[in-house]
Asker: 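Supplied in structure tokens, the structure appears directly below.
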2 protein chains.
Amino acid sequence: MPSSRARSTPPSAAPARRSPCPVACFLDLLGDRWTLLVVRDLLLGRSRFKEFVASPEGIPTNILSERLRRLTEQGVVEQIESSPGSKHLAYRLTRRGQALRPVLESMRAWGLKHLRGTRAALEE
Amino acid sequence: MPSSRARSTPPSAAPARRSPCPVACFLDLLGDRWTLLVVRDLLLGRSRFKEFVASPEGIPTNILSERLRRLTEQGVVEQIESSPGSKHLAYRLTRRGQALRPVLESMRAWGLKHLRGTRAALEE
DNA sequence: ATCTTCACTTGCATTTTACAAGTATTTTTA
DNA sequence: TAAAAATACTTGTAAAATGCAAGTGAAGAT
């Protein structure tokens, strides 16, 4: 018998938030080993699936396509055509996605200062 | 038997880095759904194991103790005694850990602006 | 028309996470 | 001082996420 906390799944497939804390919600959406690396690539000007795959960390393609889908659903990323008239896709950050720049920049600054052996990529 | 210090696998069990990118290294260390919530709690002034457990997100205790161990090993957190003379433990951020504040603040700002239904906890 | 590239998807083994329960100290209470 | 409660975990196990290799169909190039 379920005691205090109701366990029922809401009808919509919205991933449940753990709390209303903005940090917790941020992590619910972007907090894993790969998602913010895709955002980093986008901030660095990369836009194609193959470019994300070619990044030195080597993201698996199934993970990448799932993350791109989630970021697109959440309005952080949008699809465009890779070149005028082409049916191949590319991705770019929405305004909401661009607004993640300060987060990535503060992470980069911390890493450069506090983790040995890191070195900055060109620029963000 | 490796006679001299092999370059491939250092004797300590340092988790392999995916690349020298400071963002990637940051995520190797802190990039999951729970670790930065512990840092958030520490920035909010919480210091005891039970306080972290009592946070609204409900971190499982095995995850919490593993994360505290890792953060302590990496010099982000240090142990202190919970009250003078007590043998119970508490935790606090080192200087390196305090330096994570801008990261948490930018995440918080993004969440408040771009994710509905989030509301700020007291202050950080 | 054929070949190659692109952007995925699928299947499966491995790893990590979540949840419940248990345990050894330490501290408080009677 | 003995019993009870709190503290800070550990252990076991089911569920979910991840990592890797291989496969697929549409698009573009030759």
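Each chain gets a letter, A, B and so on, in the order the sequences are listed, and its residues count up from 1.
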Asker: Just how far is it from atom CZ of A:R101 to atom OG of A:S106, taken to the nearest 0.5 Å?
Answerer: 12.5 Å
Asker: Is it true that a side-chain atom of A:E51 and a backbone atom of A:S47 form a donor plus acceptor pair closer than 3.5 Å?
Answerer: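 The answer is yes, because a donor-acceptor pair under 3.5 Å joins these two groups.
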Asker: Does B:F52 reach a base, just sugar-phosphate, or nothing at all? Heavy atoms under 4.0 Å.
Answerer: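 Since no nucleic acid heavy atom lies under 4.0 Å of B:F52, the category is nothing.
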Asker: Which ones in residues 77-90 of chain A lie close to DNA chain C, meaning a heavy atom under 4.0 Å from one of its atoms?
Answerer: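 Heavy-atom contacts with DNA chain C come from A:H88, A:L89.
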Asker: What's the CG-P distance between A:L68 and C:dA7, to the nearest Å?
Answerer: 11 Å
Asker: Quickly work out the B:Y91 OH to D:dT7 P distance and round it to whole Å.
Answerer: 14 Å
Asker: Heavy atoms under 4.0 Å is the rule here; annotate nucleotides 12-20 of chain D 5' to 3' with B where the base is hit, S where only the sugar-phosphate is, and - elsewhere.
Answerer: B-----SBB
Asker: Just verifying a value: how many Å separate B:S55 OG and B:R40 CZ, rounded to the nearest 0.5 Å?
Answerer: 5.0 Å
Asker: Could you tell me the separation between the CG atom of B:L37 and the P atom of C:dA18, rounded to a whole number of Å?
Answerer: 11 Å
Asker: Would you list the atom pairs, donor with acceptor, under 3.5 Å between side chains in residues 86-93 of chain A and any protein atom, with sequence neighbours excluded?
Answerer:
| unit_1 | atom_1 | unit_2 | atom_2 | d |
| --- | --- | --- | --- | --- |
| A:S86 | OG | A:S82 | OG | 3.4 |
| A:S86 | OG | A:H88 | N | 2.9 |
| A:R92 | NE | A:E78 | OE2 | 3.0 |

Asker: Calculate the interatomic distance between A:K50 atom NZ and C:dC8 atom P; express it in whole Å.
Answerer: 13 Å
Asker: Salt-bridged, A:R33 to B:D28, with N to O below 4.0 Å?
Answerer: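 Salt bridge: yes.
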Asker: Checking the side chain of A:E73 only, and the main-chain atoms of A:R70 only, is there a donor and an acceptor separated by less than 3.5 Å?
Answerer: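 Side chain of A:E73 to backbone of A:R70: no pair is present.
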Asker: Rounded to whole angstroms, how far apart are CZ on A:F49 and P on C:dA7?
Answerer: 8 Å
Asker: Between atom CG of B:D41 and atom CG of B:L36, what is the distance when rounded to the nearest 0.5 Å?
Answerer: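 Reported value, rounded in 0.5 Å steps: 11.5 Å.
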Asker: Take atom CG of A:D28 and atom P of C:dT17, then tell me their distance rounded to the nearest Å.
Answerer: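 In whole Å, C:dT17 P and A:D28 CG are 15 Å from each other.
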Asker: Using modelled atom types and a 3.5 Å cut-off, is there a donor and acceptor pairing between side-chain atoms of A:R18 and backbone atoms of A:C25?
Answerer: no
